[in-house]
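Single-structure report; data block below.
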Amino acid sequence: MAGEIPDLIAVERAGTGKGAARKARREGYVPGIVYGDDKEPLPINIKFNELLKRLKQGRFLSTLFNLKVEGQDDVRVICRGVQRDVVKDLPTHVDFMRLHRNSRINLFIPVVVVGEEAAPGIKRGGVVTHVRSDVELIVTASDIPDHITLDITGGKIGDVYHISDVTLPEGVKPVIERDFVIANIAAPAGLGAGADDEEEAAAE
C-alpha cells in the first residue's frame, strides 16, 4: 500500500479572479483552489518550482497529498485538474478536492508485471504487450495501492491476461465492470501465436 502521504505546502491567496491569479504568477506561484467536503472553496498559491517538480515526478493526479496551509488545518487532497499554458505547457492553475480518510475515489493505479523470467513464452522470444499500463480503480483515500501486480509466471505465447487475473487489494475494485484485457504475450517475428500449443501437441 502507499507509504507516507507527502506534504504539499501552499499559502492562502488574498483575493480571487484574474487579477489575483496574475499577481500570483508574477511572484513565482501557481494559483489554485481547494474545494469539496461541504466547505467553502479555499484559494491558494503553490510555489511554481515546487509544483513543477511534483508534476515531473509523475502520477500527480493519482497521488494523495497532505495539504498544509498556514492558518488552516491540514487536509488530505487529490488533484482534480491542472491547467497549462497552451504554448509553454507550464502549469497556470491547479484544482484540489478535499478528502476524508474513508472517502472512495477513482484513481489510475499502475500495473506491474512480474514473473517474466519464468514464463515459457518469454523464454521462447515472446514479448509482453501492455494493453493497459495503469487501471482506473475505486479505492479508499487512506489506503491507496502504489500498484497492482500481474503475475505471468507460466505464461505462454498467445496468452491474454484480464483484470480478473489480478488479485486486487481488499476493498479495491475496477471502475469498468467488464473483464477487460490488461496484457498479453505476443509472438516474436516469424513465430505464430499457437506455436507453444503446437509444440506441446507434437511432444505428446
- Item | R132 NZ/CZ over F180 ring centroid, <6.0 Å and within 45° of normal |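 So R132 does make the cation-pi contact.
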Within the side chain of [X], is there an N or O that forms a donor-acceptor pair under 3.5 Å with the backbone of [Y]?
X	Y	value
R84	L90	no
T129	A183	no
N45	A24	no

- Task: For the residue pair D85 and T92, confirm or rule out a side-chain donor-acceptor distance under 3.5 Å.
- Result: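 Short answer, no.
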- Indicate whether any N or O donor in one side chain lies under 3.5 Å from an N or O acceptor in the other, for R104 and T140.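 Yes, because at least one side-chain N or O of R104 sits under 3.5 Å from a partner of the opposite role on T140.
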Any non-hydrogen side-chain atom of [X] less than 4.5 Å from a side-chain atom of [Y]?
X	Y	value
I163	V135	yes
Q83	P91	no
R25	V30	no
I109	D134	no
P188	I157	yes
V160	V181	yes
Y29	V11	yes
P41	V34	no

Just how far is it from atom [atom1] of [X] to atom [atom2] of [Y], taken to the nearest 0.5 Å?
X	Y	atom1	atom2	value
L42	Y35	CG	OH	13.5 Å
E27	K47	CD	NZ	12.0 Å
I185	K156	CD1	NZ	10.5 Å
I148	T167	CD1	OG1	10.0 Å
H93	D95	NE2	CG	5.5 Å
D165	I182	CG	CD1	7.0 Å

With clusters defined by side-chain heavy atoms of hydrophobic residues (ILVMFWY) lying less than 4.5 Å apart, directly or transitively, does [Y] cluster with [X]?
X	Y	value
V166	I138	no
V82	L52	yes
I105	L168	yes
F108	V77	no
Y161	V113	yes

Locate the shortest heavy-atom distance separating [X] from [Y]; write the atom from each residue and the value.
X	Y	value
L150	V111	CB-CG1, 4.3 Å
L137	P174	CD2-CA, 3.7 Å
G36	R98	O-NH1, 2.9 Å
T153	G115	OG1-CA, 3.4 Å
P6	L64	CD-O, 3.4 Å
L107	I144	CD1-CD1, 3.5 Å

- Query: How about E177: does its CD atom have over 12 heavy atoms from other parts shown lying under 6.0 Å from it?
  - Reply: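 Not buried by this count: 12 neighbours or fewer within 6.0 Å.
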- side chain to side chain contact (heavy atoms under 4.5 Å, CB included) with K68: which residues, sequence neighbours excluded?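 Side chain to side chain contact (heavy atoms under 4.5 Å, CB included) check on K68 returns D7, I9, N66, D74.
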- Query: For P43, what residues pass the side chain to side chain contact (heavy atoms under 4.5 Å, CB included) criterion, not counting sequence neighbours?
  - Reply: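 Scan of P43 (side chain to side chain contact (heavy atoms under 4.5 Å, CB included), adjacent residues dropped) gives R13, T16, I33.
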- Item | K39: partners by salt bridge (Lys or Arg N to Asp or Glu O under 4.0 Å), with sequence neighbours left out |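 Listed in chain order: D37.
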- Task: Measure the acute angle between the ring planes of F60 and F65, then classify it against the limits of 30° and 60° as parallel, tilted or perpendicular.
- Result: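 Correct class here is tilted.
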- Message: Please evaluate residues V128 and I122 with respect to the criterion side chain to side chain contact (heavy atoms under 4.5 Å, CB included), reporting the C-alpha separation (whole Å), side-chain torsions for both, the decisive distance (0.1 Å), and the verdict.
- Response: CA-CA 8 Å; V128 178; I122 302 301; 3.6 Å; yes
- Item | Steps toward side chain to side chain contact (heavy atoms under 4.5 Å, CB included) verdict (I46, L8) | CA-CA 8 Å; I46 300 176; L8 189 63; 4.1 Å; yes
